[in-house]
Structures are given as structure tokens and as C-alpha cells.
Amino acid sequence: MNRILEADVVVVGGGPAGINAAIAAGRLGASTILIERYGFLGGMSTAASVYPWMTFHTEQGNQVIKGIAQELVERLMAQGGSPGHLRDTVGFVHTVTPYHPEIYKLVAIDMLKEAGVRLLLHSFVDAVEVEDNRIRSVQVTGKSGHYQIRGKMFVDTSGDADVSYLSGAPTLQGREGDHGTQPMTMKFRMRGVDLEAVRRNMIENPDNFYRKTPFDELDHIPLTGVQGFYSQWKAANVPINRDQVLFFTGPAEDEVLVNCTRVQGLDGTDIEDLTKAEEEGRRQVMMMAQFLQNWVPGFAKASISSVGTQIGIRETRRINGQYSLTIEDVVSGKRFDDVIARSGYPIDIHDPKGSGVTAAWIGGDGAYDIPYRCLVPQKIQNLLAAGRCISTSHEALATTRLTPSCMATGQAAGAAAALASAENLSAADVDVKKLQQILLQSNVVLA
């Protein structure tokens, strides 16, 4: 016999979007359950070692993501888990935010408990019960069997639009035409890196690094990331379909997080493809580590210290919502009356088949709006989406998928779900002006 639990708001997926959604709903007085399949929180930020968070700011340096996301950073800083927002020495964005993943896991739990959220770990959602275009319950499976989790409102922060897909809400996957998705990456850390040798090499050989690297600042700011070593990569001819080396420093002083593996042509929602991806990703990790040790200054004595629990996923399913954000919306810095979050992260498309990355920067004041309608799926009335699976085009997903953006849409979805639950409304009927006032009172940037 299934055990039955009930809540006003049920959030599925304990990554950054889900954490912020559950905190927002709980703080507004909604009884809230957060469901997570792993035995820890953090989603891609912890399970797949996606690091650092980038970015809370525009290219001009204006902070456009605050709210619960900024609270998390400040709590991490107070516990020695983050130095805060630092200059991005890759130069792709203005700032990055390093963090210690183990401290983040605990800070998130503390903030969820303070908000009165009930947490269910080791719980995998595998079925959704729908009546009259409303979700009645989700079924989770775990060590103790099946649970039926009933709710007034549901928030899909699974990253893969799992709840939306299982409920029958329309979803999309990949780019228009061939359904190609951005490649997966197995990230890993190395210790014993001589970062001062790396810094010296960058200053001495600027043509070997990313053109936007702030070389004039490198001698007096912390080194946070490196993109380049083009000549070494070309000479080594590593059999990975990538065109440069990319790594980020920390959290330890001699540590880096390497973002170089690239697994293409596989579906992150198919277990057989995922199995292949995990194997291929780990084989590429060993190739990359050997390359770095043999070819890149500062890595001669470095060794692998950790590899992601799972391969990192950039793109799978997303909802086909009431509005789909487009690349034109992003690069024009478009404003929307129903804005619930802003972001300053540029378009960053890792080619589904090729070796490169397509980038496009944001005009205007350097930020674009994310409208509430992107969180509202079609067909299912008591469901919202946040994080990587909101309604966008393939190209626009290349900015909304980044962690701070996911945190921002998560907070908005959680607050909207609490409002809808309290007032017995569908997601589409939430008073957006009222939602915006609540977000503004929580220090969310909307203008």
C-alpha cells in the first residue's frame, strides 16, 4: 500500500532552482515538500560539479540576480564556503561566484528547514496522476517503496521537465530541425596545480588565450578561470571535439575544475544513452588529465581529486509554455510586463555536433527579462516550471540554463505556486503584479 503525503506546494528536483522555489513557497506560508532523487541537494552544482556560478551580473558589472540567490551566497561567505562574486578572468562574463559544494549542500538544507520545507531525498518521481488537466499527485519510488505526494500546486525543477512530460504537458527537446541538444560534459577537479605558473604563462603569451581575458588586471586580482592554451591543445591533438582548454580555480588554492570533456549526439533523457555518456565522459576525463599534466604549464604535479557523481547535462526537455523566450529577446535586452527575473548571462551554445561555442552578447543595459509566461506550461493548470526546463528556444536556453538564472526563476515559481495555492488559482491566473510585489519585497531585481 502506498504511503500518501500532502502539501500545498510540491517541488520536484533539489537543484538550485528547486531549492529556491521551495524556500520561496515555504516563506510565504505554503506547506511545501521538496523531492530529490539523490541523497544530497544541489543538482548539477553538486552532482555534476558545475562550477562556478556564473553570473549574477551584467557585462557592465551591475548585479541583476539577487533575492534568495544572493542570500545563499552571503550565507556561504559567512561559513567560509565562498569568496563572493569575483572578476571573471576568462573574460566571458563580468563575475563568477566560486563556492564549496559540500558547504552549499548544508546551507541549502538549513535555509529549507528555516522555511518549514519538508525534504524527501532518495526519491525518484516515476509517475504523475492527472485529472481534468490538473495534477492530483506524483508518485515517488525509493527504498521504502512508493509514495503518493498530493499537492495543490507542483513546480517542475527536475531539469529535464520530467513532471511536465509525465503529466502530458507539451514539451520540446533540442534545436529546431534536428532536435540536437548541447553536449554533455563530465567535469572533474585536479589538485596540486601551480596557479602562479598558469598566471605567468597567460601574461607572457596573451595570444594563446581567449581574446576577452582581462590581461591588464591579471597581476592584481585572483585568478578565477582560464580559457585558451590553444597552441598546446592543437599540438596534442586530443581526440575530444573541443577547440580549447577551459578550467576554473578553487575552491582550494591549488585546485581547478576542468570543463573540457564533450559527449555529443546522445539523449540525456534516455537511460541507454546516459549509460554510454557516463562511460565516454569518464574516459575523456583520463585523457584530459594526462594532456594537462604533459602539456600545460602548472599541471606537471597535478592529479585528479574528484570526478562528477554524474555527467553534466546542459539540455534535454523543456516545456512548451505560454511564451517561449527567443534569442532575439535575449540579445536585444527585451523587457516584458510580466517580468519575474532578469539575467545578464550571454548566449553560450556548445555546438551539438561541432567543436566550437557560439556566443552572443546582450544589448541595452546588458540584461534581459524572463517573463512569467515562460514558467507556465500549456494544458496542465496547477503546474509551473523553473530552471533549465522553462519555455525557451534552443538558443535562448543557452543563457537561462545557467545556475543564477535558474535560481531566479526558481524563486519566482515557488512564490507563484504559493500564491496560487492560497487563492485556489491556476498557474495562468496568478496576479503577476502581486507576484512582482512579493519578489521585489524579497530583494529580487526586476528593473
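Keep in mind it's a predicted model, so treat the numbers as computed, not measured. For this chain, numbers begin at 1 and follow the sequence in order. All values below come from the heavy atoms of this structure, side chains included, with hydrogens, waters and symmetry mates left out.
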Quick one: are Q148 and V140 in side-chain contact, heavy atoms under 4.5 Å?
-> no
Pairwise side-chain contact, V73 with Y104, heavy-atom cut-off 4.5 Å (strictly under) = no
For Y165, does the OH atom have more than 12 heavy-atom neighbours from other residues, nucleotides or ligands under 6.0 Å away?
-> no
Hey, what's the ring geometry for F229 with F247, parallel, tilted or perpendicular (30° and 60° as the breaks)?
-> parallel
Does the side chain of R37 pick up a donor-acceptor pair with the side chain of H122 at under 3.5 Å?
-> no
Do E278 and R282 sit within salt-bridge range, that is, some charged N less than 4.0 Å from a carboxylate O?
-> yes
Residues T269, D160; criterion side chain to side chain donor-acceptor pair (under 3.5 Å); working and verdict | CA-CA 7 Å; T269 63; D160 303 314; over 6 Å; no
Is E71 paired with R27 through a side-chain N to carboxylate O contact shorter than 4.0 Å?
-> yes
So, for L439 and A415, which heavy atoms are closest and what is the spacing to 0.1 Å?
-> CD2-CB, 4.3 Å
Out of curiosity, I327 CD1 to L397 CG, how far, rounded to the nearest 0.5 Å?
-> 11.5 Å
Taking the side chain as every heavy atom from C-beta outward, state whether D329 and F336 have any pair of such atoms under 4.5 Å apart.
-> yes
Rounded to the nearest 0.5 Å, what's the gap from CG on L292 to CZ on F188? Could you check?
-> 5.5 Å
Ion pair present between E279 and R283, side-chain N to carboxylate O less than 4.0 angstrom?
-> yes
Could you tell me the separation between the CG atom of L402 and the OH atom of Y345, rounded to the nearest 0.5 Å?
-> 4.5 Å
Taking the six-membered ring for Trp, are Y51 and Y99 ring centroids under 6.0 Å apart?
-> yes
Given the rule in the side chain to side chain contact (heavy atoms under 4.5 Å, CB included) test, do K353 and D178 qualify, once you have shown the distances and angles that lead to the verdict?
-> CA-CA 11 Å; K353 295 181 179 179; D178 64 1; 3.7 Å; yes
Say whether N443 and Q70, considering side chains only, have a donor N or O and an acceptor N or O under 3.5 Å apart.
-> no
Side chain proximity check, L257 to K187, heavy atoms < 4.5 angstrom = yes
Please round to the nearest 0.5 Å and tell me the distance separating atom CG of N208 and atom NZ of K234.
-> 11.5 Å
May I ask you to decide if the ring planes of H85 and H57 are parallel, tilted or perpendicular, using 30° and 60° as cut-offs?
-> perpendicular
Across all chains, not counting sequence neighbours, the salt bridge (charged side-chain N to carboxylate O under 4.0 Å, His left out) partners of D267 are none
State, yes or no, whether a side-chain contact exists between R262 and M184 at a heavy-atom distance under 4.5 Å.
-> no
May I ask you to decide if the ring planes of F56 and W53 are parallel, tilted or perpendicular, using 30° and 60° as cut-offs?
-> tilted
Can we say D369 and K334 salt-bridge, meaning some charged N sits less than 4.0 Å from an Asp/Glu carboxylate O?
-> no
Look up atom CG in D348 and atom CZ in R314, then write down how far apart they are to the nearest 0.5 Å.
-> 7.5 Å
What closest approach, in Å, do T157 and G13 show between heavy atoms, and which atom pair accounts for it?
-> OG1-O, 2.8 Å
Tell me, do I362 and V330 make a side-chain contact under 4.5 Å, heavy atoms counted?
-> yes
Just jot down the salt bridge (charged side-chain N to carboxylate O under 4.0 Å, His left out) partners of E114, sequence neighbours excluded, or say none.
-> R75
Between V96 and R87 the two heavy atoms that sit nearest each other are CG2-O, 4.5 Å
Dump the intermediate steps for side chain to side chain donor-acceptor pair (under 3.5 Å) on D156 and S158, then the final yes or no.
-> CA-CA 6 Å; D156 187 346; S158 65; 2.7 Å; yes
Please check if any side-chain donor atom of T89 sits under 3.5 Å from a side-chain acceptor atom of T224, or the reverse.
-> yes
Going by atom types alone, do R318 and S391 pair a side-chain donor with an acceptor below 3.5 Å?
-> no
Checking side chain to side chain contact (heavy atoms under 4.5 Å, CB included) for the pair S442/I68: CA distance, chi angles, key distance, verdict?
-> CA-CA 7 Å; S442 300; I68 293 172; 5.8 Å; no
Can you tell if the side chain of N62 reaches within under 4.5 Å of the side chain of D365, non-hydrogen atoms only?
-> no
Derivation and outcome, side chain to side chain contact (heavy atoms under 4.5 Å, CB included), residues V256 and R189 | CA-CA 6 Å; V256 301; R189 284 189 161 89; over 6 Å; no
Could you walk me through whether E315 and H394 pass side chain to side chain donor-acceptor pair (under 3.5 Å), step by step?
-> CA-CA 9 Å; E315 179 181 10; H394 162 77; 2.9 Å; yes
Within-4.5 Å side-chain heavy-atom neighbours: T213 and V226 | no
Any luck finding a side-chain donor-acceptor pair between T399 and Y368 under 3.5 Å?
-> yes
Does the side chain of T55 pick up a donor-acceptor pair with the side chain of T95 at under 3.5 Å?
-> yes
Is the closest side-chain donor-acceptor distance between S355 and D243 under 3.5 Å?
-> no
Could you verify whether a donor N or O on one side chain and an acceptor N or O on the other, from H94 and Q60, lie under 3.5 Å apart?
-> no
Side chains of D337 and Y372: is there a donor and an acceptor less than 3.5 Å apart?
-> no
S164 side, atom OG; R317 side, atom CZ - distance, nearest 0.5 Å | 9.0 Å
